[in-house]
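Data first, discussion second: the structure below is written as structure tokens.
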Amino acid sequence: MKKYEAVIILNPNLSTKVDLFKKDFEGLLKQNSFSINKTEDIGRRQLSYSINNHNKGHYIIFSIEGNPVNLINIENKIKYDDSIIRHLFISVKNHQGEDSQLMIDSKNKKDDPEAEPTVIKDNEKDVLSNNEKNVTEVANSDNESTGELKQKSEENHENE
Amino acid sequence: MNKFEIPKNFDYKNVNILKQFITETGKIIPARVTGISASNQRKLTRNIKIARFLALIPYTDMHK
């Protein structure tokens with residue numbers, strides 16, 4: 001018997017199906033005679049770099065214990081699951097009883113929920129307004145350039 | 001003298017502590033600069049590399 005921590009990053013678009021995935025995964029663990037000490041559902045989190053064109057991921061950490069031989073079976077099944085962006089099994093000496101720092105951070109964020117969504121909206125607005133500005137600018141510059149051309153052509157005629 | 005906060009156990013989940021030990025470009029700061037013990041530096045390195053794999057810390061500042 002060995003103790004492990006399984007970190008799984010789920011596709012953020014499937015956040016509503018997290019509970020389903022959890023049940024499936026726990027079933028898979030039980031099939032392979034693994035015992036679960038603790039599960040930490042950390043939730044959606046910004047990734048430091050994009051993985052498979054995803055910028056956010058749903059983190060779940062399982063504290064599990066079982067036979068190393070069976071771990072290969074679990075990993076083989078997880079490999080071909082499309083809803084999982086990335087997974088890692090780490091062997092640990094002892095499971096931590098307390099909440100991990102990631103869990104604490106995500107809880108603190110949930111306490112002030114207004115912080116994130118407003119920022120995103122503002123960004124979107126900026127992008128939209130920028131696009132509009134660009135369009136108008138392009139239109140203006142088109143007019144100017146054609147006007148200049150006309151002037152030039154007139155000048156040319158005069159010269160002739 | 002030492003400006004780094006050294007915990008009892010380095011943990012890949014404790015991102016704020018690990019971030020002290022990487023440069024702005026994402027490199028691990030060498031032990032001769034951090035001044036922490038060799039065994040601690042090894043643990044630190046191991047955990048930073050795990051955190052990088054899990055996208056908790058960037059590998060570089062060149063990510064798109």
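Note that the structure is predicted; figures quoted are calculated from it, not measured. Within every chain, numbering begins at 1; the chains are lettered A, B, ... in the order of the sequence lines, protein sequences first and strands thereafter.
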Verify same cluster id: [X], [Y] (apolar side-chain graph, 4.5 Å):
X       : Y       : result
A:Ile78 : A:Ile36 : yes
A:Ile42 : B:Phe53 : yes
A:Phe25 : B:Leu54 : no
A:Val92 : A:Ile61 : no
A:Ile60 : A:Leu71 : yes

If you count the non-hydrogen atoms of other residues, nucleotides and ligands that lie under 6.0 Å from CE in A:Met1, is the total more than 12?
-> yes
Within a radius of less than 6.0 Å around CG of A:Asp82, do more than 12 heavy atoms belonging to other residues, nucleotides or ligands occur?
-> no
Who among B:Asn16, B:Ile57, B:Val15 has the most heavy-atom pairs with chain A under 4.5 Å?
-> B:Ile57
So which part of [X] gets closer than 4.5 Å to some heavy atom of chain B, the side chain, the backbone, both or neither?
X        : value
A:Leu102 : both
A:Ile90  : side chain
A:Ile51  : side chain
A:Asn55  : neither

Any chance you could measure [X], atom [atom1], to [Y], atom [atom2], to the nearest 0.5 Å?
X       : Y       : atom1 : atom2 : value
B:Asn9  : A:Asn94 : CG    : CG    : 10.0 Å
A:Tyr49 : B:Asp61 : OH    : CG    : 15.0 Å
A:Arg45 : B:Leu56 : CZ    : CG    : 5.5 Å

Verify the distance criterion only: is there a donor paired with an acceptor across the side chains of A:Gln101 and B:Tyr12 at less than 3.5 Å?
->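 No, no side-chain donor-acceptor contact under 3.5 Å.
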Determine the minimum heavy-atom distance between B:Ile50 and A:Leu88, stating which atoms define it.
-> CG2-CD2, 3.7 Å
Using a 4.5 Å cut-off on heavy atoms from C-beta on, say whether the side chain of A:Val7 contacts that of B:Lys13.
->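 No, their side chains stay 4.5 Å or more apart.
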